[in-house]
Amino acid sequence: MTHKIISYFTFSLCLLLSLSPFVHMHPFAYSQLDYNFYDRSCPRLSMIVRYNLWAAIRNDTRIAASLLRMHFHDCIVNGCDGSVLLDDTEDFKGEKNALPNRKSLRGFEVIDNIKADVERFCPSTVSCADILTLAASEAVVLAGGPFWPVPLGRRDGTTASEKAVTEQLPSPIEPLENITAKFTSKGLDIKDVVVLSGGHTLGFAQCFTFKRRLFDFNGSGKPDPTLDSSALTNLRRLCPKKDSANSNLAPLDSTNLIFDNAYYTNLVSNTGLLESDQALVKDPNTAAMVNSYSANPFLFSNDFAASMVKLGNVGVLTGKDGQIRKKCGSVN
């Protein structure tokens, strides 16, 4: 299985390399960002990111999901400014160790390695925010997902807030209306909620994020009645009712190393893992989109690429705002 996945990654990498001349022909810039931002100042940037991602995924197939998630966690909390990468200091407690991220976000070393390589070729030129955005895009491609041109020119934030994470980051046990409100406060919409939730086609979730669905749904002392019975049996085996199992991992969908639309087909068959995911089928405002994506993987891929560009434009710093960090874990 691993050999097949790596072969698929290698094929995707070759396909992406064949497409790369067309990236700079894209006629649009998004907001104050520019697709050609580093063409002269750091022409090797895309290749450096691509090679590092390919090597990282060969070493750890979970990294694709981890970097996609890290990018979302960065952007949805005070914008795409690389603040999620900052270590705590005497001046602030940051995002990296906030409760939803602590011992959960992973892949920081991959971003650090890319940054170190980029600094060798293009010192003090490329922001950590742009590197994380590019890494998330490349990760999706190398997992078999869609390619999209990434507008660039973000600058790095100089602070981070633990409190902002708890206030702004959606929770897997939050009602859909609350999650939607958090998205709309960032200039995203309900379609983006459905589409970007599809990023859960990759990766795993720790048992504590969905355990109440298995044993005590909404304080009933019983499992979630909408959860498929065979899925319930399998999940209880992975996540038994004891605290020591809270950090055990369960796949977010049935093909969790490959980017596809299985996430939506699982929701339709009531085998979605997280409460917040399965809720998309119960709400009439989102159920039709879930059904469309479960039936049409190409529609999902196209819409996912568009929503990722929107996500990557949330709260960006440009021009003279922020800075270009020398190291992603600390301000200059």
Side-chain angles (χ1 to χ4, degrees), residues 49 52-53 56 59-60 62-120 123-136 139 154-174 178-179 182-183 185-186 199 203-209 243 246-249 311-312 314-318 320-332:
V49 174
N52 273 276
L53 257 294
N59 183 56
D60 177 4
R62 289 176 58 198
I63 282 294
S66 298
L67 293 176
L68 177 59
R69 182 167 179 255
M70 188 190 297
H71 174 55
F72 175 78
H73 282 224
D74 183 38
C75 292
I76 210 71
V77 178
N78 291 337
C80 309
D81 62 354
S83 55
V84 74
L85 303 169
L86 286 172
D87 295 320
D88 292 351
T89 71
E90 292 180 357
D91 297 323
F92 63 78
K93 283 191 172 182
E95 299 170 27
K96 186 184 281 191
N97 290 309
L99 189 59
N101 294 338
R102 190 187 314 146
K103 297 182 180 179
S104 174
L105 284 187
R106 56 195 300 277
F108 293 102
E109 72 286 349
V110 177
I111 302 301
D112 289 340
N113 290 342
I114 296 171
K115 179 62 171 174
D117 280 354
V118 169
E119 284 295 309
R120 278 192 283 272
S124 300
T125 301
V126 181
S127 68
C128 298
D130 273 346
I131 287 172
L132 179 53
T133 305
L134 279 170
R154 298 164 191 79
R155 288 171 64 86
D156 294 322
T158 56
T159 188
S161 167
E162 180 182 41
K163 183 182 178 185
V165 176
T166 58
E167 292 175 349
Q168 300 175 33
L169 187 70
S171 159
I173 60 172
E174 222 173 348
N178 291 20
I179 293 173
K182 289 180 176 180
F183 271 67
S185 73
K186 306 295 179 180
F204 295 81
Q206 294 186 64
C207 289
F208 78 88
T209 61
D243 290 344
N246 283 348
S247 60
N248 290 1
L249 298 175
L311 175 68
V314 170
V316 296
L317 303 173
T318 57
K320 294 183 178 181
D321 293 334
Q323 63 179 214
I324 304 298
R325 287 185 218 139
K326 292 289 287 183
K327 292 188 176 182
C328 292
S330 59
V331 297
N332 296 342

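Keep in mind the model is a prediction, meaning the values are calculated, not measured.
Taking each heavy atom of Gly94 and Ala160 in turn, the nearest pair found is CA-CB, 3.8 Å. Across all their heavy atoms, Ile63 and Glu109 have their closest contact at CD1-OE2, 4.1 Å. Between Ile114 and Ala135 the shortest heavy-atom distance is CD1-CB, 4.4 Å. A pairwise comparison of heavy atoms in Val126 and Lys115 identifies O-NZ, 2.7 Å as the closest pair. In plain terms, the two heavy atoms of Leu86 and Gly157 that are nearest each other are CD1-O, 4.2 Å. The minimum heavy-atom distance between Arg325 and Cys328, with the atom names listed, is NH1-O, 2.9 Å.
Although no hydrogens or angles enter the test, the distance criterion places a donor-acceptor pair under 3.5 Å between the side chain of Asp156 and the main chain of Ala129. In terms of modelled atom types and a separation under 3.5 Å, the side chain of Asp130 and the main chain of Arg154 share a donor-acceptor contact. A donor-acceptor distance shorter than 3.5 angstrom exists from the side chain of Gln168 to the backbone of Asn78, with no hydrogens or angles considered.
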Check against side-chain contact (heavy atoms from CB on, under 4.5 Å), Leu249 and Arg62: CA-CA 12 Å; Leu249 298 175; Arg62 289 176 58 198; 3.6 Å; yes
Are His71 and Leu311 close enough, and set up right, to give a side-chain contact (heavy atoms from CB on, under 4.5 Å), and what steps lead you there? CA-CA 9 Å; His71 174 55; Leu311 175 68; 4.0 Å; yes
Which is it for Thr159 and Thr89 under the side-chain contact (heavy atoms from CB on, under 4.5 Å) test, yes or no, and what are the steps along the way? CA-CA 9 Å; Thr159 188; Thr89 71; over 6 Å; no
For the pair Asn248 and Phe208, evaluate side-chain contact (heavy atoms from CB on, under 4.5 Å) and give the outcome as yes or no after the intermediate values. CA-CA 8 Å; Asn248 290 1; Phe208 78 88; over 6 Å; no
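At a threshold of 4.5 Å between non-hydrogen side-chain atoms, the residues Asn97 and Asp87 do not count as touching. For the pair Met70/Lys96, no side-chain contact is recorded, criterion being any heavy-atom separation below 4.5 Å from C-beta on. Residues Ile131 and Val118 form a side-chain contact, since some pair of their non-hydrogen atoms from C-beta on lies under 4.5 Å apart. Considering only heavy atoms from C-beta on, Ile324 stays 4.5 Å or farther from Thr125 through its side chain. A heavy-atom distance below 4.5 Å is not found between the side chains of Thr133 and Asp74. Taking the side chain as every heavy atom from C-beta outward, Pro170 and Ile76 approach each other to under 4.5 Å. Residues Val165 and Val84 form no side-chain contact, since every pair of their non-hydrogen atoms from C-beta on lies 4.5 Å or further apart.
Defined by atom type and a distance below 3.5 Å, a donor-acceptor pair is present between the side-chain atoms of Ser66 and Arg106.
Residues passing the side-chain contact (heavy atoms from CB on, under 4.5 Å) test with Arg69 are His73, Ser104, Leu105, sequence neighbours excluded. Residues meeting the side-chain hydrogen bond (donor to acceptor under 3.5 Å, both in side chains) test with Asp321, sequence neighbours left out: none. Every salt bridge (Lys or Arg N to Asp or Glu O under 4.0 Å) that Lys326 has, sequence neighbours left out, goes to Glu119.
Within the model, atoms CZ of Phe72 and CG of Leu132 stand 13.0 Å from one another, a figure rounded to the nearest 0.5 Å. Expressed to the nearest 0.5 Å, how far CD of Glu95 lies from OG of Ser161 amounts to 7.0 Å. Taking CG of Leu99 as the reference point, atom CZ of Arg102 lies at 5.5 Å (rounded to 0.5 Å). Atom CG of residue Leu134 and atom CG of residue Leu53 lie 9.5 Å apart, to the nearest 0.5 angstrom.
When the shell of 6.0 Å around NZ of Lys182 is examined, it contains more than 12 heavy atoms from other residues, nucleotides or ligands.
Between Thr158 and the options Asp91, Asn332, Leu317, Val331, a side chain to side chain contact (heavy atoms under 4.5 Å, CB included) holds for only Val331.
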